Amino acid sequence: MAWSILFVAGLLEITWAIGLKYTEGFTRLVPSVITLVAMAGSVILLGFALKSLPVGTAYAVWTGIGAVGTATLGIVLFGEPATAMRVASIALIVAGIIGLKLVT
């Protein structure tokens with residue numbers, strides 16, 4: 001159950017990271033509220049996951065999910081470059097997340 005909670009926390013991290021782009025410096029109300037709610041939810045769920053997962057593993061996986069999702073959506077939504085090095089780096093983060101899951 002803790003891994004599922006951690007996964008949802010990671011998805012909320014992606015939501016708030018992408019949401020920051022849409023807030024335009026927190027000058028737009030709806031994207032700003034969604035971003036702030038996602039921030040709070042992400043951290044709260046991380047806290048719940050930490051009840052049974054090691055802090056180093058949970059934090060690394062949480063930020064890894066956020067980094068992979070945000071980088072991928074940056075490519076898809078904002079036309080950021082999808083260079084071979086960038087894609088390979090994202091793949092390495094995914095490999096690290098999988099590795100941490102397997103050893104925990």
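For clarity, every value in this text was computed on a predicted model and none was experimentally measured.
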If you compare all heavy atoms of [X] against all heavy atoms of [Y], which two are closest, and at what distance to 0.1 Å?
X	Y	answer
A60	L100	CB-CD1, 3.6 Å
G10	W62	N-CD1, 3.7 Å
A38	T15	CB-CG2, 3.8 Å
A2	S52	CB-OG, 3.1 Å
G69	I14	CA-CD1, 3.5 Å
T35	T23	OG1-CG2, 3.5 Å

### Message
For a side-chain contact (heavy atoms from CB on, under 4.5 Å) check, start with the C-alpha distance between Y22 and L77, then their side-chain angles and the critical distance, and finish with the verdict.
### Response
CA-CA 11 Å; Y22 291 104; L77 296 176; 4.1 Å; yes
Rounded at 0.5 Å granularity, tell me how far [atom1] in [X] sits from [atom2] in [Y].
X	Y	atom1	atom2	result
F78	I18	CZ	CD1	4.5 Å
W16	L11	CH2	CG	14.0 Å
T83	I75	OG1	CD1	7.5 Å
L53	M1	CG	CE	12.0 Å
T70	I90	OG1	CD1	10.0 Å
Y59	L50	OH	CG	11.0 Å

In terms of hydrophobic clustering (I, L, V, M, F, W, Y; side-chain heavy atoms under 4.5 Å; direct or indirect links), are [X] and [Y] co-clustered?
X	Y	value
V43	L6	yes
I93	L73	yes
L102	V94	yes
I34	L20	no
F7	V103	no

### Query
Quick one: does T27's side chain get under 4.5 Å of E24's, heavy atoms only?
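T27 reaches E24 side chain to side chain.
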### Task
Please tell me if the side chains of R28 and P31 come closer than 4.5 Å, counting only heavy atoms from C-beta onward.
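Touching, per the 4.5 Å side-chain cut-off.
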### Query
Where the side chain of S42 meets the backbone of L12, is there a donor-acceptor pair that is under 3.5 Å apart?
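No, because the side chain of S42 does not come within donor-acceptor range (under 3.5 Å) of the backbone of L12.
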### Donor-acceptor pair between T104 and W3 side chains, under 3.5 angstrom
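No pair is found: no donor N or O on one side chain lies under 3.5 Å from an acceptor on the other.
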### Message
Walk me through whether R86 and E80 qualify under side-chain contact (heavy atoms from CB on, under 4.5 Å).
### Response
CA-CA 10 Å; R86 185 179 200 143; E80 296 174 2; 2.9 Å; yes
